[in-house]
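Working notes, beginning with the structure itself.
Here the structure is a predicted model, which means the values were calculated and not measured. Side-chain atoms are counted along with the backbone in the values below, which use heavy atoms only and exclude waters and symmetry mates.
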Amino acid sequence: MENERLKRVCDAANRLFNKKGYPDTKMAEIAKESEVAVGTLYSMFTGKEAVLSFTILCTLDKDCLSQEIALPIQTIDTSILKKHLQRVLDEIKSILHITDENGNICKSFMTLVGELYDIFVEYMITLDNIEKNQKILEELSKIYIPEKRQFWEEVGGFLKIYMEAGQIQPIEHIPAHIKFFISTLSWWSVNAKLCFPDMDITNKEAKEILLGIIQRIYQAV
């Protein structure tokens, strides 16, 4: 029961930190969004920084809320968050292995899109929060921002590979397509629910819509 309430707090805090930023998010807003009393929230956490760090931990470490958690929760040590962040970034990089040791494509374009959607659903809102709140999360942002730049470069690389292999139609202005591709992934995996919280869009429905959009735009002719 307590961990279910912690999950509500983490989900609410994630949304608010993403929408308003850490400095402009109040503990009272987190309490209201997660449907707990402000006093209860302060009995669960030592402060807002503890909420932020624990929210990041719970996103990056899916086993976190399955364990017994002592209250009040204090700010999570940065070294722990860095370890889990690096594991997630390595997981993302492994998805981008689309060719074998001989350079042959071993993962279709649409398979890659689906796998990226799944990983975006799991982690993107917290990765976005790290970028948006760099001042308070400086050490994490120093790890994430260079990895994000590398990810964008790799997206451009695999668009070229799939185009040359005939899996997607010929395209020009690759940097613009990288921006569109990642923005579309982000919208349907994260932002659709943030912008329309009252609209019951399931992950399955959002994924099907995304795959349909990408396939219609990029399918080979």
Side-chain angles (χ1 to χ4, degrees), residues 10 14 18 53 55-67 76 78-132 134 137 139-168 171 174-175 177-193 203-204 206-215 217-219:
C10 289
N14 240 341
N18 191 269
S53 63
T55 297
I56 292 172
L57 177 64
C58 287
T59 302
L60 301 181
D61 179 10
K62 299 304 180 185
D63 295 327
C64 177
L65 286 174
S66 64
Q67 304 169 18
I76 307 299
T78 302
S79 63
I80 296 174
L81 298 179
K82 288 167 67 175
K83 179 186 70 173
H84 288 291
L85 173 61
Q86 190 59 61
R87 179 190 55 76
V88 167
L89 294 174
D90 290 343
E91 183 180 347
I92 294 172
K93 284 189 285 189
S94 70
I95 289 176
L96 296 179
H97 292 162
I98 65 169
T99 57
D100 60 23
E101 62 274 9
N102 298 316
N104 300 312
I105 295 176
C106 57
K107 182 180 293 185
S108 72
F109 175 64
M110 293 308 298
T111 297
L112 176 64
V113 175
E115 290 182 1
L116 286 174
Y117 171 86
D118 291 338
I119 206 90
F120 271 40
V121 166
E122 294 291 335
Y123 303 116
M124 186 49 62
I125 189 170
T126 288
L127 295 178
D128 197 32
N129 281 343
I130 291 173
E131 182 173 10
K132 288 182 175 180
Q134 292 185 44
L137 299 170
E139 291 190 51
L140 296 181
S141 65
K142 285 181 179 179
I143 296 173
Y144 172 59
I145 300 303
E147 293 277 3
K148 178 185 176 180
R149 295 194 188 104
Q150 180 64 33
F151 173 78
W152 280 58
E153 291 178 8
E154 293 197 35
V155 168
F158 71 63
L159 285 175
K160 292 178 182 177
I161 290 172
Y162 285 126
M163 180 173 60
E164 292 169 358
Q167 289 199 25
I168 63 174
I171 56 177
I174 295 292
H177 280 278
I178 295 171
K179 175 70 173 179
F180 168 79
F181 183 82
I182 296 176
S183 296
T184 305
L185 270 169
S186 298
W187 170 257
W188 285 106
S189 60
V190 177
N191 296 96
K193 293 183 180 181
N203 287 338
K204 181 180 179 181
K207 184 176 182 178
E208 289 175 353
I209 293 170
L210 168 72
L211 293 176
I213 291 170
I214 296 297
Q215 189 168 34
I217 292 173
Y218 289 105
Q219 65 183 353

- request: Mind listing the closest non-hydrogen atom pair of Leu116 and Leu96 along with its distance?
  value: CD2-CD2, 4.2 Å
task: Give the minimum heavy-atom separation between Met163 and Ile171, together with the two atoms involved.
output: SD-N, 3.0 Å
[atom1] of [X] to [atom2] of [Y]: how many Å apart, nearest 0.5 Å?
X: Tyr162; Y: Ile168; atom1: OH; atom2: CD1; result: 9.0 Å
X: Leu210; Y: Gln215; atom1: CG; atom2: CD; result: 11.0 Å
X: Thr184; Y: Ile217; atom1: OG1; atom2: CD1; result: 6.5 Å
X: Ile178; Y: Glu153; atom1: CD1; atom2: CD; result: 8.5 Å
X: Leu159; Y: Phe180; atom1: CG; atom2: CZ; result: 11.0 Å
X: Leu85; Y: Lys83; atom1: CG; atom2: NZ; result: 12.5 Å

message: Could you work out, with salt bridge (Lys or Arg N to Asp or Glu O under 4.0 Å) as the rule, every residue matching Glu154, not counting sequence neighbours?
response: none
- request: Please name all residues satisfying salt bridge (Lys or Arg N to Asp or Glu O under 4.0 Å) with Lys142, sequence neighbours left out, ordered by chain then number.
  value: Glu138
Throw together a table of side-chain donor-acceptor distances under 3.5 angstrom for residues 101-109, partners on residues two or more places apart or in other chains.
{"unit_1": "Lys107", "atom_1": "NZ", "unit_2": "Ile95", "atom_2": "O", "d": "2.9"}
{"unit_1": "Lys107", "atom_1": "NZ", "unit_2": "Glu115", "atom_2": "OE1", "d": "2.7"}
{"unit_1": "Ser108", "atom_1": "OG", "unit_2": "Thr111", "atom_2": "N", "d": "3.2"}
{"unit_1": "Ser108", "atom_1": "OG", "unit_2": "Thr111", "atom_2": "OG1", "d": "2.7"}

[X] versus [Y]: any side-chain heavy-atom pair under 4.5 Å?
X: Leu81; Y: Ser53; value: yes
X: Ile182; Y: Phe151; value: yes
X: Ile76; Y: Ile56; value: no
X: Thr99; Y: Phe158; value: no
X: Asn129; Y: Thr55; value: no

For [X], what residues pass the side-chain hydrogen bond (donor to acceptor under 3.5 Å, both in side chains) criterion, not counting sequence neighbours?
X: Ser66; result: none
X: Asn191; result: none
X: Gln86; result: Asp90

- request: Kindly write out the residues that satisfy side-chain contact (heavy atoms from CB on, under 4.5 Å) with Cys58, not counting sequence neighbours, or none if the list is empty.
  value: Cys10, Phe54, Cys64, Leu65
field: Any residue meeting side-chain contact (heavy atoms from CB on, under 4.5 Å) with Lys132, in chain and number order, not counting sequence neighbours
entry: Asn18, Asp128
field: Side-chain (Tyr117) to main-chain (Glu208) donor-acceptor, under 3.5 angstrom
entry: no
Under 3.5 Å, sequence neighbours excluded: what are the donor-acceptor pairs made by side chains of residues 143-150?
{"unit_1": "Glu147", "atom_1": "OE2", "unit_2": "Lys93", "atom_2": "NZ", "d": "3.4"}
{"unit_1": "Lys148", "atom_1": "NZ", "unit_2": "Glu131", "atom_2": "OE1", "d": "2.7"}
{"unit_1": "Lys148", "atom_1": "NZ", "unit_2": "Glu131", "atom_2": "OE2", "d": "3.1"}

Just list the side-chain donor-acceptor pairs under 3.5 Å for residues 118-126, sequence neighbours left out, or say none.
{"unit_1": "Asp118", "atom_1": "OD1", "unit_2": "Lys207", "atom_2": "NZ", "d": "3.2"}
{"unit_1": "Asp118", "atom_1": "OD2", "unit_2": "Lys207", "atom_2": "NZ", "d": "3.1"}
{"unit_1": "Glu122", "atom_1": "OE1", "unit_2": "Lys62", "atom_2": "NZ", "d": "3.1"}
{"unit_1": "Tyr123", "atom_1": "OH", "unit_2": "Glu91", "atom_2": "OE1", "d": "3.4"}
{"unit_1": "Thr126", "atom_1": "OG1", "unit_2": "Asn14", "atom_2": "OD1", "d": "3.3"}
{"unit_1": "Thr126", "atom_1": "OG1", "unit_2": "Asn14", "atom_2": "ND2", "d": "3.3"}
{"unit_1": "Thr126", "atom_1": "OG1", "unit_2": "Thr59", "atom_2": "OG1", "d": "2.9"}

query: What residues, two or more places apart in sequence or in another chain, satisfy ring-ring contact (aromatic ring centres under 6.0 Å, His included) together with His84?
result: none
